[in-house]
Structures are given as structure tokens and as C-alpha cells.
Amino acid sequence: MTSTDVTKEAEDSGPGGYAAARLRLLTEGARSGPPRRTALAGLTDDWLTGLFDAGTGGTGRGVSLVAVGGYGRGELSPRSDLDLLLLHDGSDDKAVAALADRLWYPVWDLGLDLDHSVRTPGQARRTAGEDLKVHLGLLDARHLAGDLGLTASLRTAVLADWRNQAPKRLPELRDLCAERAERQGELRFLLEPDLKEARGGLRDATALRAVAASWLADAPREGLADARRRLLDVRDALHLATGRATDRLALQEQDQVAAELGLLDADTLLRQVYEAARVISYAGDVTWREVGRVLRSRSVRPRLRAMLGGGKAAPERSPLAEGVVEHDGEAVLARTARPERDPVLPLRAAAAAAQAGLPLSLHAVRRLAATTRPLPTPWPAEAREQLVTLLGSGRPTVQVWEALEAEGLVTRLLPDWERVRCRPQRNAVHLWTVDRHLIETAVRASEFTRRVHRPDLLLVAALLHDIGKGWPGDHSVAGETIARDVAARIGFDRTDAAVLATLVRHHLLLVETATRRDLDDPATVRAVADAVGSERTLELLHALTEADALATGPAAWSSWRGSLVADLVKRVSAVLAGDAPAEPETAAPTAEQERLALEAYRTGGPVLALRAQTEPPADPDSAAGPEPLGVELLIAVPDQAGVLPAVAGVLAVHRLTVRTAELRSLSLPDGVEGSVLLLDWRVAAEYGSLPQAARLRADLVRALDGTLDIAARLAERDAAHPRRRGVEPPPPRVTVAPAASRLATVIEVRAQDAPGLLFRLGRALETAGVRVRSAHASTLGSNAVDAFYVTGPEGTPLPGEEAGDVARTLEEALRGRP
């Protein structure tokens, strides 16, 4: 059936015919994108025109039906609402009210969303003057039926008002966009973005159209229409996949939306969404800068400007670097610049702009992209130095890098960048896409350049540390090879290239070891020292580790993690300096530990103590107090089975998060027979304050004697406060870490974090009949990564086959199998 046939069916059959024709159009697999949106708008136009003509008897004098907003632009997604204005001259209010009923009720009867108003031209203009959103909608007003002259006069008046009021309304629109961005976030970095409201979304594209309509400024047009079309296509597919009028691209719907669009997978979908959002966001940045420049120039007359400058006009251009000057708040190319003869100029201009805290002008970037010759391989020293200067400029680096990326200069300089550009990271810990995370890491690393001997290597390693995420397999392994090649291309010698490759290969080594391994085990420290190789490399790796974590998000770094990494670095540094790690000895108990042990032996039950752990503020002059690292929980209990799950379960019941956990047997003083288990754990409250030590002890007594059913308590709490359903997490994985320790078998657990997880693991380990020497718990967003050092009953590491059996037992327990 052709579009003409569909329209004829709708005209002949009334609302029912329109509904059938609409359904037929939306289910036509061959038509999608702009043609379907246009056809749906045309079909709806014809239906509404028929309703209007039937209500007016075909005369329509002094009244017209007008489409506004997205419908006014002729773009209807499958579940878009209809924005309609019934415009009248005020001569017969009663007849207009009756006509409105004949228009609105059929729309509602079909279950379509309707945003409607009934106004005279004067009322419409007054409302637009008071409400910016109304004014924006009227800029896209389109005549549907009735008195064409009435609609045309309103359009002319509204557009004239917009242009006349632009100096006042555009700043208001800019503030509205900024407030929405603050509330909704940036579309190009969100895992579940709002295609319409987030920054870089459809609302911002509409705002750019409004700016252009003001004749005050215009957006960069290259790629903008395609970006907007892509977001509209995704929204169409989202509406069809969900059957709802939604703009939020939820995780559970992304695979279906990708399939609807014929894309490979959800990651491909997100990457296309991010690409479109990047184009719109950058166009917005450039446009709003131009608006500000124009408004500033209008606010002060040239003669007054000269008077304020002592009778002389201020110089228009200030030199920044060779071939680069500052002009009107931007870094631009000097009149004498010759990009076609100067291949270093793009990096020099970018570095100069970032150092001055200025944006790189759109005209300059486009000229550089169009005329600059490629750099030779290897790069000249100046090019490498300018790249390092750009990366070390702090926060201004971000906007300058985005300007280079918008015109394809980054991938021209670093071809491997293409694989990570706009690449999503499906981990709630990460705030950014891979490419933006790399730049954020460089920004963070710029704060640490004074504490390393080779800041250039630190900054370049920050830029490259996740470059392998665009390749299959372990991104650190792939990244090592890429980093070595890039280092050679940009002119580092072999020694420096090897250091960069090592930093990229092991950029996760320190934080993973510090939070998941026993630092008292000499094998742990020796393995890190062997991987790093030198104290200078260790110094760089320490700074890179912190910069990477800070650039990831708040869940990836804390004073607690920082203290663990610093402790590991101190131990590894000693080994690299020639001091062999001491074989661990049973540490003599502190006076407090001995007191707790004796009391536990005397009472036959658990005793505990809570002590806050704090760290002084980084700034000694800061008014802030010490920063909390958590609370140390010391527990002594007569040696018996079931201690680990009992303690973990009680802490889960009291909503305490375990950060580290150590358990060891403590011999009692001479003359006292028996032993006591000593648990030294660091915990933190999920929310609220910590429970009293007496309450914890009472529940621990009950858990150990079996009168407190922890599993039932946790199940009751989950039933009373069920967690929101979301995407099904990946299954848990339990592995045996090979050669991680000579003293114990290290079993590593990766699973979705949940209340009582450590309790379930402890219970499974008890069932497996192994002893837990220590446990190291860490949580990254919704992911828990816990390492257990276990031995057999005799205190030696488990044989390989037995270790594998224990790992399988834990995995089955987490999967809910017996």
C-alpha cells in the first residue's frame, strides 16, 4: 500500500481509519527514519484537517489549526505527542470552544498524547513573551487547516519578536540549557541517556535552531543535521521497541533498539548515540561562545571602549605562540601563520590555547584540519613537547582536545585513537567514555607532575593507559604493544618507550594488588617489584594509578585505597632499592589485642572493640578535620568453626560494609592453654551511624550459638525492601590465582555486590573445610572483588585439584546452587 493509499484510508474511515493507517505505517519494515516521520506527520495532518473541516463546515474563517514544536517541524516519532494550537481571532469564543472539543476528543480517544492550547494571536504572543518554552515551540509553527492568513501573521510576529528580543532571550535560553545539562547529565557519557533532555540531545539541537533563527549567531552546520537525524532514528526505534513515549534509552532495551536499527549490538548503538551527542555538544559550545561575543560587542560602543582604554583602542591581537594569537577571547591563527608549511602548528596552537585557558576558535581548527601536512615519523622534538604541554595544561585541555577531535585532527595525529573514540564503558564505576576518560586521566596527572622525575612520561602514559580497550582481549596487554608503537612514532627513544609500555601494561597492578593481596606475603611484594623493574618506573606508576582512579569516578578511589597503595609502594620501593622482603613472622600481639584475647578466653565468648581510623587532611592549613578511613573492628573469639560467616553475617545485618578482613589464630600467654581467633577488620556504615559495640557483640554471640538465623534475617530484609530490577548482571566468577603466595592458596571472587555476600562466601568456605588466613574485600560500583588466602587444616596451601574444587564450591554457592 502506498502512502497515498494510507492517507486515503484515513480520510475515508475517520478515527478508526487513521488508527489502522497509522499502525500500518509504523509496522512497514521497509520505511524508517526521516521518510517515516514525514509520512506519519502527513498522515496526521490529513486526519486533523478532516476533523477541522468537519467542525467548521469547511469555512474556517477567523480560526486556524497550527502544529507547533516537533510536530510543527514535521517530525513525528511513533509515540510522539501532538503539539497543537487552535488559533482564532476572538470573534466567536463559543464556536471555538465547540471546535476544540471536536478536535481534542478524537485524539484522546485514540490514546495519543496531546499538548494543546486555544489562543488569539495576541494571547499567543503574550504567552510567548512570558514563557520561553512556548516561544520556542511557536518558532516551528506550521499551518494545518483553516485561515492561512491568521497563521502566517502569527508566524511573522513571533519571529520578529524573537529577533527583536534576542539580546534578552538568548541568555535565558543558554541558562535553560545549562540548568537542564546539570540536571540530566551529558548524553555522550551516560549508560542510560535521555535522548531528548541530556546535554547534546534533541532539546539542544532545537535550541541551536532557535539561535540561528535569531540571526545573532549560527551553529557549525557540518554533521549537525546527521547527528540530529541519528538521535531521532534511535528514538523512533525506542518507541517501537517499548511501545511507550519514552526518551530514556534504558539498558534492558538497548539490544532490541540496536536490532531495530540493524546495528551489530548495544555497544555499537551507544557509540553512534555518543558520536551524535558529541557533534551537538560541540556545536553548542561554539554557538554559545559566539552569542556571548556578539552580545558583549553590542553592549559597549567602540567610542566608549576607546575612552575606557585611555583614548586608545585596546590591541585586537595578543601573541600566544609562533603563529597563534589571542583575539576576542579565543586562540586564533596569526595572519602570518602558514599551516601548510608548519606541521607542528596544530599541536602548538592547541598547547598555547590550553596554557592560556582559551578555547581554540572554530575557524582556526578548520583551517588547520584543511591545510596542515602530516607530521613526519618520528615526530620532531617540538611536536612531542607541544603534546606534553597540551596534556599538562589541566582542565582547559578538555575543551581544546574536543575542538581538535571535532575536526578529525586527533585521529590524524594518533590513528589508534579512532578505536576508543566515543567507546562506551559498561561499568557504573566509570563516569566517562574511554576517550574522555583518557583525557580526564591526563588532567588529573597534570596535578602530580611535580612529584615525578619524568612528567612527560606520566602525561603520555595517562593518555595511552586504556588505549587497548579498542581491541579484543586484555586491554592492558593490547595497550602495551600500542603504547610502544605510539611512543616510537612521537619520538621517544627505546628506553622511554619501554617505560611507557610498562606503565600501560601494569596500570592496574598497584591498586589491584593493594586491595586484593596480602601485603605481608613476600611473594606479593616481589611479584610487583619484578613487574615494575625500577624505582623511577614505580614512582610514575604510583602517580598514574592515582590519576587513573580519580578520573574514573568517586567509587574508584578513596583515602583507604590510597593508603593501601602507598603502603605497597613503600614495600616495593624497598625491594627495588636492594632490601629483600622479610619472611613474615607471627606478629606479636599488641597490648589491646592480648587484652581482648585473654578476655575472650576467660568469658568463653566474643569480645570486640571499635576504633575510628582517620587521616590528616592533605592541606595542613585546611579547616577540615581528619578524613575518615573507616572504623577498625577488633574481635577476639575462642577458636571454633563458623567464625568468618558469623562475623560477616552480623555485619551485613547491621548494614556495615567490609573493606578489609584479616583472621589469624593467636596463641595465649605461657601457662594458658588454648588459642583465640583474632579478627582485625576495617568496616564502614552503608548509611547512618555505626551500631553500638554491645549490640554487635550480642548478635555475634547469638550467631555463634545458632540462635540468630542470619540467612533468614537477610532474606526478610530483602523481601521488605526489594531491590529495583535492572539488567541481569554477569554471572559470578571464582578463580585460583596461580603462584600468588607461597603461604596460602589465593582464591579470587568477582561477583555482583549485595548485602550478605561475604557471609555467603564465608559459609561456603566453612562448608569446604578450609581455613581462611586473611580476606581482602573491595567494591567498585556494583562489582565486588574479594580475595581469600586459604589453607588446609594443617596450615599449608591447598593442592591444585582441591583448590579448584573449593573455587567451584564458592561459584555454585553464589549462583544459588546447592
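Index from 1, following the sequence. The figures here come from the full heavy-atom set of this structure, side chains too, leaving out hydrogens, waters and symmetry mates. None of the values given here were measured: they were computed from a predicted structure.
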Closest contact, heavy atoms only, Trp288 versus Cys177: CZ2-SG, 4.4 Å

Heavy-atom side-chain contact between Leu458 and Arg454 under 4.5 Å: no

CZ-OG1 distance between Arg444 and Thr552, expressed to the nearest 0.5 angstrom: 10.0 Å

Give every donor-acceptor pair under 3.5 Å between a side-chain atom in residues 347-354 and any protein atom, sequence neighbours left out.
| unit_1 | atom_1 | unit_2 | atom_2 | d |
| --- | --- | --- | --- | --- |
| Arg348 | NE | Glu382 | OE2 | 2.9 |
| Arg348 | NH1 | Glu322 | O | 3.1 |
| Arg348 | NH1 | Asp342 | OD2 | 2.7 |
| Arg348 | NH2 | Asp342 | OD1 | 3.2 |
| Arg348 | NH2 | Asp342 | OD2 | 3.2 |
| Arg348 | NH2 | Glu382 | OE2 | 3.2 |

Pair Glu253 + Arg248: basic N to acidic O under 4.0 Å: no

Min side-chain heavy-atom separation Ser281-Arg188 under 4.5 Å: yes

Asp265 and Thr268: side chain donor to acceptor below 3.5 Å: yes

Pairing of Arg489 and Asp416 as salt bridge, 4.0 angstrom limit: yes

Any donor-acceptor N or O pair under 3.5 Å, side chains Asp548, His437: yes

Check: Arg174 and Glu179 side chains under 4.5 Å, non-hydrogen atoms: no

Salt-bridge criterion met for Asp474 and Lys469 (N-O under 4.0 Å): no

Charged N-O contact under 4.0 Å between Glu330 and Arg293: no

Closest non-hydrogen atom pair between Leu414 and Trp401, with its separation: CD1-CH2, 4.3 Å

Asp131: side chain to side chain donor-acceptor pair (under 3.5 Å) partners, not counting sequence neighbours: none

Qualifying residue, where the test is salt bridge (Lys or Arg N to Asp or Glu O under 4.0 Å) with Arg199 and the options are Asp204, Asp285, Asp194: Asp285

Check ion pair Glu407-Arg412 (N to O, under 4.0 angstrom): no

Ion pair Arg209/Asp140, N-O distance below 4.0 Å: yes

Charged N-O contact under 4.0 Å between Glu402 and Arg436: yes

Gln256 CD: over 12 foreign heavy atoms closer than 6.0 Å: no

Stepwise side-chain hydrogen bond (donor to acceptor under 3.5 Å, both in side chains) test for Gln355 and Ser393: CA-CA 6 Å; Gln355 285 280 292; Ser393 298; 2.9 Å; yes

Test item: side-chain donor near acceptor, His475 and His465, under 3.5 Å: no

Flag, side chain of Arg163 to backbone of Ala213, donor-acceptor distance under 3.5 Å: yes

Identified salt bridge (Lys or Arg N to Asp or Glu O under 4.0 Å) partner of Asp247 from the options Arg79, Arg203, Arg235: Arg235

Heavy-atom side-chain contact between Asp113 and Leu82 under 4.5 Å: no

For Leu463, the option from Leu390, Ile439, Thr441, Leu500 that meets side chain to side chain contact (heavy atoms under 4.5 Å, CB included): Ile439

Side chain to side chain, Asp233 and Arg37, heavy atoms closer than 4.5 Å: yes

Flag for His239-Arg244: side-chain donor and acceptor within less than 3.5 Å: no

Closest non-hydrogen atom pair between Gln425 and Trp432, with its separation: NE2-O, 3.2 Å

Nearest heavy atoms of Ala547 and Phe448, plus distance in Å: N-CE1, 3.7 Å

Side-chain atoms of residues 369-381: list all donor-acceptor pairs with protein atoms under 3.5 Å, sequence neighbours left out, distances to 0.1 Å.
| unit_1 | atom_1 | unit_2 | atom_2 | d |
| --- | --- | --- | --- | --- |
| Thr371 | OG1 | Arg367 | O | 2.7 |
| Thr372 | OG1 | Leu368 | O | 2.8 |
| Arg373 | NE | Glu340 | O | 2.9 |

